[in-house]
Amino acid sequence: MGDPRLLQRARPVTEFATPALRALLQDMTDTMIHLDGAGLAAPQIGVDLQVVIFGFDFNPRYSHAEPIPHTVLINPQLTPLAEEQAEDWEGCLSVPGMRGMVPRYTRLRYRGCDADGVFFEREVADFHARVVQHECDHLAGILYPMRIRDLSRFGFTDVLFPDKGVATD
Ligand code: NI
């Protein structure tokens, strides 16, 4: 947080199935796994493209979360399917050691392409919907602290959750 590359609107991908795109996705996957992320967006590693990845079977940083399928989502478009929003704790690998209470749509449809440029869409809810909104916000230059409504619900993970003995990000 503080790097201007995280505050830009990312460019769409125009060429798929290229060695450069495969290398980017590998780099992003390595980074996400190394840091136990639920997802990662290309701007977080300094790449100005509309590419996000997310998914896990079990995530120690969100130990109560249901699994999310491992997904590559390029040039995404999000459409909320209900007005309803819910608040829950979020963290971000670009804001290490902190958590904040963030409102998100509870149900949405997302559309985009996979690494080969094949279009797909899904309708999702709850934590899956939250993760997609968080990652796609990165492509619009938005970090989750910018969405917190009550800044008294923003703080250091180990202070907010002292009993959990969890990692510090
Ligand atoms: Ni993030």
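All ligand and atom numbering here is 1-based and tracks the order in the structure.
Between R153 and E87 there is no salt bridge, since no side-chain N of the basic residue sits under 4.0 Å from a carboxylate O of the acidic one. With respect to D116 and R22, a salt bridge is recorded, a charged nitrogen being found less than 4.0 Å from a carboxylate O.
Side-chain N or O atoms of N59 include one that pairs as donor or acceptor with a backbone N or O of G37 at under 3.5 Å.
Neither side chain, Q133 nor D137, offers a donor N or O lying under 3.5 Å from an acceptor on the other.
If you take CD on E121 and CD on Q77, they are separated by 10.5 Å, rounding to the nearest 0.5 Å.
Taking 2.8 Å as the limit, the number of protein N, O or S atoms around the Ni ion (ligand 1) is 3.
The minimum heavy-atom distance linking D114 with F16 is given by the pair O-CD2, 3.6 Å.
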